[in-house]
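Each remark here refers to the structure printed beneath this line.
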Amino acid sequence: MSKKTYNSGEPSLGLELEEETATEQKDPVTVLGLTFANDDERREYFRAELRRKLPELRNIEGFPIGEDDDIIALSDPPYYTACPNPWLNDFIAEWEAEKKDLEAKGLRKTDFEVTEPYSADVSEGKNNPVYTAHTYHTKVPHPAIMRYILHYTQPGDIIFDGFCGTGMTGVAAQACAKSNNEWHSKIESEFVNSVGHKPKWGKRHAICGDLSPYASMISNNYNSPTDISLLKSETQRIMNELKDECGWMYTTLHDNKPIGCINYMVWSDVAICQNCGKEFIYWDSAMSKEKEGLLDNFECPYCKCSHTKATAKRSFQTVYDDVIDDVVNVIKHVPVVMVYTVKGKHIEREPLAYDIDLLKKIDQHPIDTKYIPIQLLPEGYNTEQPKKTQGYFYVHQFYTRRNLIALSILFKKIYESKYPSKLMFLFTAMIGRSTKMQRVHINNYFHGGGGWNAGNLKGTLYIPPFPVETSVLEQIGDKLRLLLKAEPYLPHSFDNVIQVASALKQNMYTNSVDYIFTDPPFGANINYSELNSLPEAWLRVTTNNETEVIENSAQGKSPAFYHNEMQKCFSEYYRILKPGRWMTVEFSNTKASVWNFIQSAITSVGFIIANVASLDKKQGSYKSVTTTTAVKQDLIISCFKPSEKLLAHFENMRQSDDNQNIFVSTQSFIEELLTRLPVIIVNEKKTTAVVERSPKILYDRLIAFFVQNGRQIPMDASEFQRFLRDTFVERDGMFFTAEQAIKYDDLRRQIPEMVSLALFVGSEADGVQWLKRELVDKPQTYQDLQPKWMQDLVAPKKGDAIPELMQILEENFLKNEDSQWYIPDAENEADLEKVRTRRLLREFKTYVEAAEKPKGRIKEARLEALRMGFKNCYQEKDFATIVRVGDRIPQSLLTEDDVLLQYYDIATNRI
C-alpha cells in the first residue's frame, strides 16, 4: 500500500497517510433497525428527525442555550445529541435484545447477581494516552472505572452516568472488551488477588449525559470511532492553509532574518506607582534573576518607592474594540520575553522593534467577527475575577489579538471541513492553552526546564500578571499526536450514547439500567458552567445553569439548594436503576457538610450504602476510611437499590402494623444488607474490620431505610443489638449471616493479623465505642481510663457538647464493688438505655424551650440529645419541633451529622 506525507512547502505534521483510505466511509450502516448507505446518510436522516423533535425537547429541564442550527451542527444523532437524546429507550430495547444472544452464546448469565461491593482500594494514575488527549476540570481515569464495571456488570449490561464530564465511564465500558493491553493485565491480576476470580471480559453499553455541551462534545469524541486517515489529511490541509494565512503573525527575527514561528510570548502587567504616579513594567521590577523568582518587595524604577504586589496598582487603558464596536477600559499588558526555536534550540530574548511593529500591524489587521465568540461572561463566582481585575466582560477578551485572529480562521476552516467533529475536539483542546490564563513556569524560566507554559490555575478564570501567549500554529500538531496516541484505546464502533441533559430528569423507562457509575459535582468545588463559558462560546451552544447542581452564592445557590438538587438527582438514579443493582459514587470534597449531604441524598431516596473505599488517582492521596462519616478526601461510595423481594416485604408491612410483619421486614433488611457487605477486607496482608458490620452502623442503616419508607422505627438500639445477637453471628464486634461467618473464620485463619480501626473521641458516640473497646477485656477504674481518654480526645464538631467522661460512664456502663467500670450484659444494658433515653430527652426539652423563644439561638448542644429528641419527635410525628430546633442549632452541627440531617429533611417535607 503506497504512502505519502502531505507537504505543501511548509513543515508537515510528520504523519504518514494512506492515500486510498483517506476518503469518507462508504460502507452501509444499520442503526436502530434502519439501514443507510453510509454514516453521512445516517447522520443526515437523524439530524432531520432531531430537528423535528427539538420543539418538544426544549421543554425538558436542562435543555441547553442555543439556536436549532447550532445544536444540530454539534450533534451526531442518534448516538450523540447536544440536547436530551430522544432515542434512549430505543437503544435500551435494542441492547436488551442483544443480551439474549449473549446468553445463548454463554457470554452472560440470566441469574447474575452481585452480593458484595468492590471494596478494594483502587490506585490508578492519570498519565495515560486517553486521559491526556483532552483536558477537563475533573476526570476519573477510565482504567479505574473499569474495575467497578467489571465487578458489578456482565457483558451486554447497560451503564449510566448522568454527570459524565468527558465520558470516561463510556470509554471504560467499551474497554471491558479485552484487548490485552497493559491495563487489562493489571486489572486481571488485581481481581484475582482481591475478588478471588478473573473478571468477565466483554463490551458493555453506556449512556452518558452531562449538562454541559462542551463536556458532552468531548465525551462524544472519546466514545465514537475515528477515521484516522481523514483526520490526518484534513488536519494537515488546514494547518498548511492556516500557515499561509496566519504564519506572518508568528514570525520574529533571528540573526536579522525573519523566521517562523514563535513558541511563546510572555506579557506583563503595567503597574502605577502610588508615590510618583508613573507607570512601570511589573516584570522588569519584580522578577529577579539573582533571587531566581518573584520578589515580595520591589522598587519603582523612577522614585525607588517600595512596593508589593498589593500596593502596585494595575494600569488600565481605554481602547477601541472592533469586535464589539465599542470603547472598553481594560488592563494594560506589554510584551517582555520572546521564546522561539531554531534548529531544535530554544531561544529566549526581549522583544525587538520588529516584534513590537508586528504587534501594531496585527492590531490594525481586520478580523471576521462571524467566527468570533462575541459573548458576555455569565454572572458568577469565577467570572467576577476577570471583570473586576482585568476589565474583561467578554469571552474574546481572554485572547490576544494575534491568537484571536488565528483561532477564528482555524474555527472557520474546521466548521467547513469534511471532519468537523474530530477537528473540533482538537480545537477545544487548544483554545484553553491559547488564552491569557496561561502562566509562566518560574522554575523552568530560571533553570531551563523546557516548557515555559505552566498552564492555567485550575478551577478559575484567573489571568496572571505575566500571561503566556502560546502560538496557535504550534499546538495543532501536538493535539493531533495526543489524540492519535489515545485512538487505539478508544471505541472503534458506536457502542455508547451521549446527550446534553440534566441529571434531574432522564428520558428513560423505570428500572432500565443495570449499573450506575457517577462522579457528581461536590458543593462549591468547581463552578463548571462558568469555567465552560469560554469553550462553549465557540461551540455556540452553552450550559443552561439554572439547574446546575452546585453551591454558588453569586447564582443564589445555597448548600440547601445543592442538597435538595442532589436528592432529586439520586431519586432519578433510583428510578431508572433495576432493583438489586448497584451504584458507585465517586466523592471528591473534604467538607464534612458536603459529605453528609451526599450520604443523606443517597439514603433518603432509598439506596442502601454498603461500603466506602478509597480511590487514588495519584494526585493527592485517597486515604482509607475509619468511619462512614469520616471525610478523607476522595472516596468511593458503593450502594445498592433494594431487591424486589425486600421491597415487597415493605409493601406488605405498609398494609399491616403486625409485629410479626415488622420483625420479618427488619430481618429481611438486615439480611440483605449483610449479604451485600464485604466479608473481609485485606490490606497489605492484614485483615481490616468492616465498619459497616458494626451494630451502630447497621442500626443507622435500618433507621434510614424505615424512615425513607415512611415506617415507624421498629426497635431501639438495645433491642436491635439483642436482635442481632439472636438472629446473626458475631465475630470481632461485627455481625454476619451463618454462611458468611464460616467464610470469615476461614479467611481469618489464613490471615490472622487484624488491624482494628483507629478510634479517636470526637463525639459522644465515639466516646461510647472507645470505652467499649477499652473495657472489652477487663473492667477498669475511672483513674485508669481518664489519662488514655484525654490522649484520644479530639475537637468535636462545632456546636457539639461532649459530656464528661464520668457522665458517659454513668449513662452507658456499670460499676462493680471495686469501682471498676464494665460493659453491662444485655438485660442491664436495656435498663441503662431506658435511663439514658430519659436523660437525653430531658436535655432535648431544654433545646425545644430555647427554640420556642422569638430570638432563641442554641449555640451549643449535646449531639446525642438532639439525635434522641429528633428520633422521638419523628416517632410521634411531631415534625414541626424537629424543624424548629433544627433551624436554631448551629447549621454546621445539623449539616455535618447524617442522622440529624436525615430527620430534618423528612420533617421539612412533612410539615
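Quick note: numbers below take in every heavy atom, side chains included, and nothing from hydrogens, waters or symmetry partners.
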- Item | Whether over 12 other heavy atoms sit under 6.0 Å from E852 CD | yes
- Message: Restricting to non-hydrogen atoms, name the atom on R575 and the atom on K641 that form the minimum distance, rounded to 0.1 Å.
- Response: O-NZ, 3.8 Å
- Message: Quick test of your reading: applying ring-ring contact (aromatic ring centres under 6.0 Å, His included), list the pairs with at least one residue in residues 772-791, sequence neighbours left out, ordered by first then second residue.
- Response: W770-W789
- Task: For the pair F870 and F844, name the ring-plane relationship: parallel under 30°, tilted 30 to 60°, perpendicular over 60°.
- Result: perpendicular
- Task: Would you please indicate if the ring centroids of F735 and F728 are separated by under 6.0 Å?
- Result: no
- Query: Would you say Q786 has more than 12 foreign heavy atoms packed within less than 6.0 Å of its CD?
  - Reply: yes
- Query: Only one of K578, R581, K109 clears salt bridge (Lys or Arg N to Asp or Glu O under 4.0 Å) with D157; which?
  - Reply: R581
- Message: Just to verify, what does N816 make a side chain to side chain contact (heavy atoms under 4.5 Å, CB included) with, not counting sequence neighbours?
- Response: P779, D818, Q820, Y822
- Neighbour count above 12 (heavy atom, 6.0 Å) for E860 CD: yes
- Message: I'd like to know if E864 pairs up with R836 as an ion pair, taking the criterion as any Lys NZ or Arg NE/NH1/NH2 lying under 4.0 Å from an Asp or Glu carboxylate oxygen.
- Response: yes
- Message: Name the residue from Y515, Y573, W582 that meets the ring-ring contact (aromatic ring centres under 6.0 Å, His included) definition with F160.
- Response: Y573
- Would you call K696 and D700 a salt bridge, using N to O less than 4.0 angstrom? yes
- Does atom NZ of K834 have more than 12 heavy-atom neighbours from other groups under 6.0 Å away? no
- Task: In plain terms, say whether E833 and R722 are close enough for a salt bridge, that is, a side-chain N and a carboxylate O under 4.0 Å apart.
- Result: no
- Checking L863, L840, D716 against M868 for side-chain contact (heavy atoms from CB on, under 4.5 Å), the one that qualifies is L840
- Query: Would E811 and R862 pass as an ion pair if we require N to O under 4.0 Å?
  - Reply: yes
- Task: Name all residues meeting the side chain to side chain contact (heavy atoms under 4.5 Å, CB included) criterion together with D732; count only those two or more places apart in sequence or in a different chain, and write none if there are none.
- Result: M734, Y744, R748, M754
